[in-house]
**Student:** 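One structure, as structure tokens, below. Some questions next.
Residue numbers start from 1 in every chain, and the chains themselves are labelled A, B, ... in the order their sequence lines are given, proteins ahead of strands.
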2 protein chains.
Amino acid sequence: MTAPLKHRTLSAAIVDRLRQAILAGTYPAGTQLRQDAMAETYGVSRIPVREALFQLEAEGFVRIVPHKGAIVSELSLDEINDVFDLRCLLEPRLLSQSAPRFAEADFAALDAIQARFEAAIAAGDVGQWGVINAEFHMALYTKARQPRTQSIVAALLQTSDRYTRLQLSNTAAMGIAEQEHAELIRQCRAGRFAEAAAFLVGHIEAVRADLLRVVARSGAAGGDTNSRSVALE
Amino acid sequence: MTAPLKHRTLSAAIVDRLRQAILAGTYPAGTQLRQDAMAETYGVSRIPVREALFQLEAEGFVRIVPHKGAIVSELSLDEINDVFDLRCLLEPRLLSQSAPRFAEADFAALDAIQARFEAAIAAGDVGQWGVINAEFHMALYTKARQPRTQSIVAALLQTSDRYTRLQLSNTAAMGIAEQEHAELIRQCRAGRFAEAAAFLVGHIEAVRADLLRVVARSGAAGGDTNSRSVALE
DNA sequence: CTAGCGTAGATTTTATACAATCGAGGAGTC
DNA sequence: GACTCCTCGATTGTATAAAATCTACGCTAG
């Protein structure tokens with residue numbers, strides 16, 4: 001199996017750990033991440049920390065202001081909608097090009113991920129859920145010849161994960177997602193690609209609707225004036 | 001005038017200089033960028049160079065392999081089509097949301113950019129062309145509330161610039177683009193937003209067609225060592 | 001009492017130095 | 001003769017330390 005825990009460089013390891021920490025809410029939006037503190041926390045020098053922060057900035061997790069530092073990005077309603085709109089636009093396009101090229105090995109890979117997904121749900125492992133979900137979606141698109149779109153969607157999936165974590169441990173939603181993934185595999189196996197693409201949009205929209213429901217209930221979801229941040233404190 | 005030449009940090013300056021060098025073809029695709037050499041060339045330490053390379057990797061200009069170094073990305077037909085498909089998909093969407101919100105100040109800004117565009121064309125300043133073109137497109141989308149899409153399109157425009165440079169000093173195409181930009185402004189001023197969006201797609205497709213024509217005639221886009229860069233159907 | 005200026009502290013940015021890693025080429029062995 | 005292993009050189013990755021920059025606080029002057 002691929003060993004995602006093995007990193008070839010310290011910076012990459014810090015990227016993962018910091019990202020997980022942000023996803024888990026250890027560093028809430030607005031938190032300033034001081035290089036010294038991070039270096040101390042993870043027992044490394046400040047150089048890997050710096051590089052990790054830059055990487056996370058490229059991924060959209062933090063905002064870096066020169067000479068001022070890195071601040072964990074705010075979550076905004078505008079961005080939620082933007083991200084999910086983009087996913088609805090791009091993912092079906094990837095699937096349509098990728099799915100017809102699937103061989104049996106690709107389906108086997110999907111099944112394997114699906115199995116791990118079920119296991120993670122059963123174990124209630126919220127941290128793994130988003131990771132495996134992203135893995136599944138990307139596996140659907142491996143055969144597409146759209147390298148740029150693929151990397152964009154990979155980033156979008158990570159951002160989605162961050163938002164989705166707001167509704168922590170929504171096991172019901174996780175179960176639904178798992179069933180929908182299974183349905184996607186079935187439709188692709190049956191060669192019903194257009195149907196699968198449409199179903200995929202529904203799947204993404206369902207997640208978005210779920211998320212918006214939680215955000216709306218949890219309080220003022222970003223004023224309409226500037227619609228900045230989701231109040232979370 | 002805006003002062004884009006002033007950078008708040010060395011790393012940012014190196015990013016710009018390296019990017020320009022790659023765009024200009026000083027470092028062709030496949031070139032390995034050694035940190036030592038870059039540091040020496042620009043008279044700085046290796047730290048800013050490293051950070052610049054990471055930034056450029058996020059922008060898609062180089063590919064970094066741990067412990068091996070940074071290699072200037074290859075240009076592939078797949079990516080050309082992917083990038084332009086994405087632009088055709090995303091840019092009209094931005095325009096539709098942004099244009100109806102334009103105030104007079106926004107149109108004035110567009111006119112100012114347009115003027116600089118004309119000047120650059122008259123001066124035959126190929127290096128500035130892509131920069132101002134990107135500035136114009138992004139100015140069209142300032143009023144859109146789609147932060148993620150905006151940053152994605154900004155990156156796509158830079159990549160487009162890199163491809164477009166292949167047909168160096170195609171002044172005819174530049175003139176056409178300038179006229180089409182003017183038409184876009186007119187349509188937005190007149191409030192014909194749907195028409196403008198459609199026209200925008202035509203504008204992007206025209207650039208792509210022009211580019212593909214040049215690529216097809218000049219043989220291959222990059223090194224055709226492996227099938228990836230010449231994959232066509 | 002308020003506004004402006006200057007200084008001190010903290011934090012980031014950059015430089016220098018050291019350690020780890022990869023690839024190539026040669027010696028030794030089967 | 002071909003293969004394996006190992007050592008060396010080159011390059012990248014990391015740590016430590018110095019330089020530059022920003023923020024905040026206090027002081028002085030009006």
Side-chain angles (χ1 to χ4, degrees), chain A residues 2-19 21-22 26-74, chain B residues 3-19 21-22 26-74 223 225-226:
Chain A
T2 54
L5 294 174
K6 195 80 177 64
H7 293 100
R8 307 196 67 81
T9 165
L10 260 184
S11 303
I14 306 291
V15 168
D16 262 23
R17 297 190 64 172
L18 273 181
R19 181 170 39 218
I22 292 176
T26 308
Y27 306 120
T31 306
Q32 182 172 197
L33 302 177
R34 266 179 286 268
Q35 299 177 359
D36 271 343
M38 299 298 125
E40 173 101 14
T41 301
Y42 297 112
V44 299
S45 169
R46 285 166 36 199
I47 300 285
V49 172
R50 270 183 75 76
E51 295 178 352
L53 289 176
F54 280 115
Q55 174 72 25
L56 290 175
E57 187 196 28
E59 294 179 11
F61 283 96
V62 303
R63 208 185 72 241
I64 292 184
V65 189
H67 296 106
K68 202 191 157 203
I71 290 113
V72 180
S73 305
E74 300 285 343
Chain B
L5 295 174
K6 206 70 183 77
H7 292 100
R8 305 191 66 83
T9 166
L10 260 184
S11 302
I14 306 291
V15 169
D16 262 25
R17 297 190 64 173
L18 273 181
R19 181 169 40 218
I22 293 175
T26 308
Y27 305 120
T31 306
Q32 180 171 199
L33 301 177
R34 266 179 285 267
Q35 299 176 359
D36 273 343
M38 299 297 125
E40 173 103 11
T41 300
Y42 298 111
V44 299
S45 167
R46 277 172 41 202
I47 302 286
V49 172
R50 274 181 72 78
E51 294 178 353
L53 289 175
F54 280 116
Q55 174 71 24
L56 289 175
E57 187 197 27
E59 295 180 10
F61 284 95
V62 304
R63 209 185 70 241
I64 292 183
V65 188
H67 298 107
K68 201 192 157 199
I71 289 113
V72 179
S73 304
E74 300 283 346
T225 57
N226 45 10

**Student:** Under 4.0 Å between a side-chain N/O of R34(B) and OP1 or OP2 of dT12(D), yes or no?
**Tutor:**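 False: R34(B) side-chain N/O out of range (4.0 Å or more) of dT12(D) OP1/OP2.
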**Student:** Would you indicate which nucleotide in dA15(C), dT12(D), dA15(D) comes nearest to any side-chain atom of S45(A)?
**Tutor:**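 Given the options dA15(C), dT12(D), dA15(D), the side chain of S45(A) is closest to dA15(D).
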**Student:** Counting just side-chain N and O atoms, does T9(A) come under 4.0 Å of either OP1 or OP2 of dT14(D)?
**Tutor:**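 T9(A) to dT14(D) OP1/OP2: side-chain N or O found under 4.0 Å.
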**Student:** About how many Å separate OG1 of T9(B) and NE2 of H67(A), when rounded to the nearest 0.5 Å?
**Tutor:**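 One finds 6.0 Å between NE2 of H67(A) and OG1 of T9(B).
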**Student:** To the nearest Å, how far apart are H7(B) NE2 and dT14(C) C1'?
**Tutor:**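 Answer to the nearest Å: 17 Å.
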**Student:** Starting at the 5' end of DNA chain D and moving along, which residue's nearest nucleotide shows up first, L10(A) or P66(A)?
**Tutor:**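 Between the two, 5'-proximity favours L10(A).
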**Student:** Answer with yes or no whether R46(A) presents, from its side chain, a donor or acceptor under 3.5 Å of a partner atom in the base of dT13(C).
**Tutor:**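 Answer yes: a donor N or O sits under 3.5 Å from an acceptor.
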**Student:** For the pair made of CE in M38(A) and C1' in dT11(C), what is the distance, rounded to whole Å?
**Tutor:**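 Checked: the CE to C1' distance equals 13 Å.
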**Student:** Please round to the nearest 0.5 Å and tell me the distance separating atom CD of E51(B) and atom CG of L10(B).
**Tutor:**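 Interatomic distance, E51(B) CD to L10(B) CG, rounded to 0.5 Å: 10.0 Å.
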**Student:** Counting only side-chain heavy atoms from C-beta out, which of dA15(C), dA15(D), dT13(C) sits nearest to H67(A)?
**Tutor:**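 Among dA15(C), dA15(D), dT13(C), the one nearest the side chain of H67(A) is dT13(C).
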**Student:** With sugar-phosphate meaning primed atoms plus P, OP1 and OP2, does I14(A) contact a base, only sugar-phosphate, or nothing at under 4.0 Å between heavy atoms?
**Tutor:**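 Nothing, no heavy atom under 4.0 Å.
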**Student:** Heavy atoms from C-beta onward define the side chain here; which of dT12(C), dT14(C), dT12(D) lies closest to that of D36(A)?
**Tutor:**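 Closest nucleotide among those given: dT12(C).
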**Student:** How long is the line joining CD of Q32(A) and P of dA10(C), in whole Å?
**Tutor:**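 Those two atoms, CD and P, are 14 Å apart.
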**Student:** How far does CD1 of I47(B) sit from CZ of R50(A), to the nearest 0.5 angstrom?
**Tutor:**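 Here the rounded value is 8.5 Å.
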**Student:** Ignoring backbone atoms, test whether R50(A) places a side-chain nitrogen or oxygen under 4.0 Å from the OP1 or OP2 oxygen of dT13(C).
**Tutor:**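 Yes, within the criterion.
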**Student:** Can a side chain N or O of S11(A) be found less than 4.0 Å away from OP1 or OP2 on dG13(D)?
**Tutor:**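 Indeed not, no polar side-chain atom of S11(A) lies that close.
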**Student:** Starting at the 5' end of DNA chain C and moving along, which residue's nearest nucleotide shows up first, I47(A) or K68(A)?
**Tutor:**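 Its nearest nucleotide lies further toward 5', so the answer is K68(A).
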**Student:** With rounding to the nearest 0.5 angstrom, report the CZ to CZ distance, R46(B) to R34(B).
**Tutor:**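 So the gap between those two atoms works out to 12.5 Å.
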**Student:** Taking CD from E40(B) and P from dT12(D), how many angstroms apart are they, rounded to a whole number?
**Tutor:**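 Answer to the nearest Å: 14 Å.
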**Student:** Could you work out which one of dC22(D), dT13(C), dT14(C) sits closest to the side chain of R8(B)?
**Tutor:**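 For R8(B), the side-chain atoms sit closest to dC22(D).
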**Student:** For L33(A), answer base if it contacts any base atom (sugar-phosphate contacts may also be present), sugar-phosphate if it contacts only those atoms, and nothing otherwise; contact means non-hydrogen atoms under 4.0 Å.
**Tutor:**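 Sugar-phosphate, backbone atoms only, no base.
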**Student:** Taking only side-chain N and O atoms of Q35(B), does any of them lie within less than 4.0 angstrom of OP1 or OP2 on dG13(D)?
**Tutor:**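 For Q35(B), the contact criterion (side-chain N or O under 4.0 Å from OP1 or OP2 of dG13(D)) is met.
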**Student:** Rounded to the nearest 0.5 Å, what's the gap from CG on L33(B) to CG on L56(B)? Could you check?
**Tutor:**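 Reported value, rounded in 0.5 Å steps: 8.5 Å.
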